Asks: 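Can you read through this structure? Questions will come right after.
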Amino acid sequence: MPKFRIEGGNSLCGVIDIQGAKNSILPIMAATLVADGECVIENCPDISDTHTALEILKTLGAQVKHRGNTVWVDCRNVLDYEIPDSLMRKMRSSVIFLGALLSRHGKAVISFPGGCELGPRPIDLHLSAFEKMGVAIREEFGSLFCNGQTLQGCEIPLAFPSVGATENIMLAAVRARGTTVITNAAREPEIEDLQNFLNEMGASVSGAGSSTVVICGVDSLTGCHHRVIPDRIVTATYLCAVAATRGNALLRNTCPRHNTALLSALRQAGCEIEERGDYLRISCDFLKSARRIRTMPYPGFPTDAQAPFMGLMCVAKGSTVFVETIFENRYKHISELQRMGANITPEGRVAVVEGVKRLKGAPVQATDLRGGAALMIAALAAEGVTEISDIYHIDRGYERPEDVLTQLGAKIQRI
Ligand code: UD1
């Protein structure tokens, strides 16, 4: 099993380009199922979650080509409507294919998406919305048999602004009969990206980015050409890495306005940040606590940036209180950071980080995708050598991070 070997203590300086957004490409790949034509997607991140999504499409019968950061998907011959359990388990967001399959075939068979790395992640909001649209759902032997030959548009108020549920409903509704209105919808930029992709195919979706999304069903959709938005969590991760090493870097091909909450936390922590067009420049000489970080649905502080930012606060002067409000169990990285000398006290959904002068390199294990990113940040700032195992978690969301960090002067190897 590959590991990262990181020799810490170097200030990260230089210029990097930010990859396309993982949380955009996955629903967009699912959306290709509803098109009667070829979709060309650019700025597609070359990460293992993308490969899993492509594998799902191929298994269903799609023609798929992948060169560098461009993907061609043609679903015109897709007849299958069942996603094998082995693929469902690889990636929780595979559940997003359910809405697209219902839109295409009026039926789907999937198993529950596997794992529980962040605590329980139910899909009740997705399923009750589909039932409201006329889908009959039967659960048997861990599989969900869904049948809804004519999906009917309706009003769907979400009890919580779930990202996945909002996207899944949008996908089911694009070819439904009538109009679907999602209220208390999630407002993440990736939902707007999905809306743009669907509209490029001829759909009629509006309101994404606000709490109300309106989808008027259409009869058919064509292929299209689309460029995926930059990944705001990858942006957040590299900003934290530069700050943790008191570095100075330029991040290109990003979207500063998608990271407002994180940028304000970094500024509060003493970082100098310049935002212009599609780039961000960060420099940091002295790092202090950001005092209080409370994760919230967008535009609040993203839960996905909680672990990377905690890696950073481990080496800031003063104490920072983290409150994780989105997921029940998103602190698995804490015990690994403690092995490196971090001073963190977790209590339920709260964690208090007392910054230390120096972390010390140690053998640690990536426990999940963003937790793994937190360990990379801590390792880059630490004295000595850190070996991070189980980096397959990191590869799910970061495109060759060792190359990006080496470009900034880090000493990191995949061994
Ligand atoms: C998406 C992102 C993930 C991010 C998360 C929150 C993708 C591929 N993943 O995940 O990176 O961490 O948003 O910003 O875009 N919930 C229910 N019932 C449901 C659905 C969700 O109770 O039917 C709860 C979840 O358990 C969780 C909260 O709602 O506590 C947020 O989940 P949700 O927004 O759905 O996250 P995902 O779409 O899974």
Side-chain angles (χ1 to χ4, degrees), residues 20-31 45 47-50 52-53 56 88 90-100 110 112-132 137 144 156-172 182 184-194 208 211 228-229 231-237 258-259 261-262 294-309 323-333 349 368-374 393-394 396-398:
K22 166 177 106 53
N23 289 356
S24 268
I25 190 65
L26 301 177
I28 282 176
M29 291 264 208
I47 51 178
S48 64
D49 271 10
T50 301
T52 305
I56 292 176
M88 284 301 297
K90 271 196 179 171
M91 177 176 78
R92 210 174 318 271
S93 41
S94 50
V95 73
I96 218 74
F97 282 82
L98 179 53
I110 64 161
F112 278 99
C116 61
E117 72 201 30
L118 314 177
R121 286 177 86 175
I123 54 170
D124 55 316
L125 299 174
H126 305 235
L127 299 184
S128 61
F130 292 146
E131 281 175 334
K132 208 163 177 202
I137 301 173
L144 289 169
I156 303 178
L158 288 177
F160 181 87
S162 154
V163 175
T166 303
E167 293 167 341
N168 230 342
I169 298 164
M170 285 164 72
L171 291 173
I182 313 172
N184 196 26
R187 295 191 279 159
E188 270 68 0
E190 294 78 18
I191 292 171
E192 211 174 329
D193 205 20
L194 176 64
S211 299
V228 170
I229 59 168
D231 195 310
R232 62 195 164 94
I233 307 302
V234 170
T235 303
T237 303
H258 290 168
N259 261 320
L262 174 100
R294 185 182 174 85
T295 64
M296 292 293 277
Y298 189 83
F301 192 96
T303 172
D304 285 351
Q306 176 257 106
F309 202 81
V323 185
E324 172 58 59
T325 75
I326 309 290
F327 290 107
E328 261 175 49
N329 183 13
R330 202 165 197 179
Y331 282 146
K332 285 197 176 161
H333 45 281
R349 285 180 181 246
D368 56 72
L369 167 57
R370 305 305 171 188
H393 287 297
I394 300 174
R396 282 191 42 220
Y398 294 87

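The figures that follow rest on heavy atoms only: side chains count, while hydrogens, waters and symmetry mates do not. Order of listing sets the numbers, starting from 1, for every ligand and every atom in it. Keep in mind it's a predicted model, so treat the numbers as computed, not measured.
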Asks: Could you work out, with side-chain contact (heavy atoms from CB on, under 4.5 Å) as the rule, every residue matching Ala30, not counting sequence neighbours?
Replies: Ile96, Phe97, Ala100, Leu171
Asks: Run the numbers for me: atoms of ligand 1, each under 4.0 Å from some heavy atom of Gly164, listed by number.
Replies: 35 (O), 38 (O)
Asks: Looking only at distances, can you tell me whether any N or O atom of Asp304, backbone or side chain, sits closer than 3.5 Å to an N or O atom of ligand 1?
Replies: yes
Asks: May I ask you to check whether Asn23 has an N/O atom sitting below 3.5 Å from an N/O atom of ligand 1?
Replies: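 It does: an N or O of Asn23 is found under 3.5 Å from an N or O of ligand 1.
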Asks: Does any N or O of ligand 1 fall below 3.5 Å from an N or O anywhere on Leu26, backbone included?
Replies: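 No, there is no polar N/O contact under 3.5 Å.
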Asks: Can you list the atoms of ligand 1 that are under 4.0 Å from a heavy atom of Arg330?
Replies: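 Within the 4.0 Å cut-off of Arg330, ligand 1 contributes 12 (O).
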Asks: Does any N or O atom in Phe327 lie less than 3.5 angstrom from one in ligand 1, N or O only?
Replies: no
Asks: Is it the case that ligand 1 has an N or O less than 3.5 angstrom from some N or O of Glu167?
Replies: no
Asks: Please confirm whether Pro122 comes within less than 3.5 Å of ligand 1 when only nitrogen or oxygen atoms on both sides are compared.
Replies: yes
Asks: So which atom in Leu125 and which in Ala165 form the shortest heavy-atom distance, rounded to 0.1 Å?
Replies: CB-CB, 4.1 Å
Asks: Counting from 1, what ligand 1 atoms have a heavy atom of Ile326 closer than 4.0 Å?
Replies: 27 (C), 28 (C), 30 (O), 31 (C)
Asks: If you define the side chain from C-beta out and look only at heavy atoms, does anything of Pro297 sit under 4.5 Å from Arg187?
Replies: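 When only atoms from C-beta onward are counted, Arg187 and Pro297 do not touch, as no gap falls below 4.5 Å.
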Asks: Once you restrict to heavy atoms under 4.0 Å, what part of Arg92 touches ligand 1? Side chain, backbone, both or neither.
Replies: neither
Asks: With a 4.5 Å cut-off on side-chain heavy atoms, are Ser162 and His126 touching?
Replies: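 Result yes, sub-4.5 Å side-chain heavy-atom pair found.
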Asks: Would you check, one step at a time, whether the test side chain to side chain contact (heavy atoms under 4.5 Å, CB included) holds for Leu262 with Thr235?
Replies: CA-CA 10 Å; Leu262 174 100; Thr235 303; over 6 Å; no
Asks: Could you tell me which atoms of ligand 1, counted from 1 in the order shown, lie closer than 4.0 angstrom to a heavy atom of Thr303?
Replies: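 Those qualifying, in numeric order: 6 (C), 12 (O), 14 (O).
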Asks: Hey, which of Arg330, His333, Arg370 is the one that makes side chain to side chain donor-acceptor pair (under 3.5 Å) with Gln306?
Replies: His333
Asks: Go through the structure and list residues passing side-chain contact (heavy atoms from CB on, under 4.5 Å) with Ala186, not counting sequence neighbours.
Replies: Pro161, Val163, Thr166, Glu188, Ile191
Asks: For ligand 1, which atoms sit closer than 4.0 Å to a heavy atom of Ser93?
Replies: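 Close to Ser93: 8 (C).
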Asks: Using a 4.5 Å cut-off on heavy atoms from C-beta on, say whether the side chain of Leu144 contacts that of Ile123.
Replies: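 Answer yes - side chains close enough.
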